[in-house]
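Counting convention: from 1, in listed order, for ligands and their atoms alike. If you read the sequence from its start, that first residue is 1, and numbering goes on from there. Just so it is clear, the model here is predicted, and its values are computed rather than measured.
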Amino acid sequence: MNVLVINAGSSSLKYQLFDTSTDEVKAKGNCERIGIDGRIVHKVPGKDEYVADLPMPNHSEATRILVATLTDPVHGCIASMNEIEAVGHRIVHGGPYFSESVIVDDEVIAKLELCRDLAPLHTVPHLMGIRGCMDAMPGIPQILVFDTAFHQTMPEEAYTYAIPKELIEKHKIRRYGFHGTSHRYVSGEMLKLLDKPAQDTKIVTCHLGNGSSISAVKGGKVMDTTMGFTPLAGTIMGTRCGSIDPAIVPFLMEKENIPASEMSNFMNKKCGFLGVSGVSSDCRDIAAARDAGNKDAALAMKILCYQIKKYIGSFAAAMGGLDAVVFTAGIGENTPEIREGGTKGLEFLGIEIDPEINNNIPRPIATTCISKPGSKVKVYVIPTNEELVIARDAERLASKK
Ligand code: ADP
């Protein structure tokens, strides 16, 4: 089945066209600068990249241009729009309303509207992307796949914050967790590699990228995760502070005269690697600065390693054991020293990395075991593929229709 996977942002619409019978990506690209001027960057394997500046006043027009490009005799890869059998949308926040992927209907849209308050920066563009696709591709099933859905299995003691119940209910405050599609994919791949019945497995998945989250997956279901009500919680990230003492927030607001909206921007954009190192949000720049003798950059990397170790240990305790640790996403797949630093000293838990393998993972990155043969806990690098999960869910639901 040909499935178009869409990731709609406020001014961009990234897409991939999958053939789910082979998992082949037939085309991928991005409609950029929507609402500003408009540009499509489009790539079909075996053909030159196509870039065109075209007016995109809104997401509907961007989607129309994207469909026209996919079906273009020169730059495209399909003959007509009818060859697109389903569209899968990546949705960042499904609130308490969605625990699995769904086909869009009026009720689904109404529930997604309720998520606006929880993640306005993401939900508003997602709605524009969905409506754009419904306009440009009428009659083609639209499927929503949520970053929060895989985490809906957390027990109440893991997702409840210690604040009054009335406020929790009124504002739908709880730990939601994010990157669920990635945690689901890599834990699913890891499950297949363990010589155990699925319901007995205990896996920690470390999605370490610009945004990072770590999850405890017991018996194939999330038991806990580091991100919370928003994707600001958990480990240190590129520009996000991660979990800090909540009292620091009003303290800084008062001392530095920072209003609430700016405080949120500050914690999301000015902290993390960037704030600690003063150099960059990018792990590669931080490592280079550290190698050049920058102590603040060295500290930023040490903080991440320490936190990874702390979360692996605490999640092993929460699950009552550990069979495997998985590293994925930009940093998890590409930075051996973070994998080593994040697991060093955990030999008492049965984790033993092979430094030789860890430092020499073949490229392009494929699923690789980096633990020693005798390591009780298996440690793997598994490249994530959120788009493939979205395409498969869309295919599954569209086939049922
Ligand atoms: P996002 O969360 O935005 O999807 P990524 O998963 O791409 O981000 O992760 C970005 C981080 O991964 C950056 O800190 C970057 O340094 C690191 N990274 C990405 N690709 C590589 C690479 N090929 N080699 C080393 N580090 C990489």
Side-chain angles (χ1 to χ4, degrees), residues 5-16 28 30 32 90-93 119 121-122 125 145 147-148 177-186 205-215 225-227 230-242 267-292 294 296-305 307-308 326-342 358-366 368 370 381-390:
V5 173
I6 298 279
N7 185 353
S10 56
S11 66
S12 73
L13 200 144
K14 298 198 186 84
Y15 61 90
Q16 292 193 20
K28 66 193 286 186
N30 191 7
E32 304 167 355
R90 181 208 174 199
I91 307 292
V92 167
H93 211 314
L121 293 181
H122 291 109
V145 181
D147 277 5
T148 46
F178 298 87
H179 298 137
T181 311
S182 176
H183 290 289
R184 179 176 146 204
Y185 177 73
V186 297
T205 47
C206 306
H207 176 111
L208 310 173
N210 221 345
S212 299
S213 63
I214 302 179
S215 295
T225 189
T226 56
M227 282 182 166
T230 72
L232 183 56
T235 63
I236 181 173
M237 301 178 226
T239 56
R240 289 173 240 173
C241 56
M267 292 187 292
N268 275 291
K269 302 268 172 66
K270 306 260 166 65
C271 295
F273 275 173
L274 177 64
V276 173
S277 72
V279 171
S280 166
S281 61
D282 191 297
C283 195
R284 288 167 286 198
D285 300 341
I286 305 270
R290 187 264 330 263
D291 293 344
N294 184 321
D296 295 334
L299 175 61
M301 294 192 74
K302 272 164 69 178
I303 294 173
L304 178 60
C305 292
Q307 293 181 341
I308 293 169
V326 182
F327 287 97
T328 195
I331 296 175
E333 292 168 29
N334 292 295
T335 319
E337 59 189 292
I338 296 288
R339 297 192 294 259
E340 189 175 336
N358 183 41
N359 285 319
N360 296 291
I361 295 204
R363 292 196 178 252
I365 308 266
T368 309
I370 58 166
V381 173
I382 301 181
T384 196
N385 198 339
E386 290 156 285
E387 292 78 12
L388 181 61
V389 176
I390 296 171

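- By the 3.5 Å distance cut-off applied to N or O atoms, Cys283 is counted among the residues near ligand 1.
- The aromatic rings of His207 and His183 sit tilted relative to each other, their planes meeting at an angle between 30° and 60°.
- Between atom 8 (O) of ligand 1 and the options Asn210, Ile286, Leu208, the minimum heavy-atom separation is to Asn210.
- Closest heavy-atom approach to atom 21 (C) of ligand 1 among the candidates Asn334, Ile365, Ile338, Leu304: Asn334.
- Shortest contact from atom 15 (C) of ligand 1 to any protein heavy atom: Asp282 OD1, 3.4 Å.
- Inter-residue side-chain proximity for His93 and Pro231 is flagged as unmet; no heavy-atom pair is nearer than 4.5 Å.
- Ile331 CG1, 3.7 Å is the protein heavy atom nearest to atom 11 (C) of ligand 1.
- On a distance-only criterion, His207 and ligand 1 share no N/O pair closer than 3.5 Å.
- No hydrogens or angles considered: nothing links the side chains of Ser11 and Glu32 as a donor-acceptor pair under 3.5 Å.
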side-chain contact (heavy atoms from CB on, under 4.5 Å) between Thr148 and Phe178, worked out: CA-CA 5 Å; Thr148 46; Phe178 298 87; 3.7 Å; yes
Step-by-step side-chain contact (heavy atoms from CB on, under 4.5 Å) determination, Ile236 to Cys241: CA-CA 5 Å; Ile236 181 173; Cys241 56; over 6 Å; no
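- Selection from Ser281, Gly211, Gly330, Ser182 by nearest heavy atom to atom 5 (P) of ligand 1 gives Gly330.
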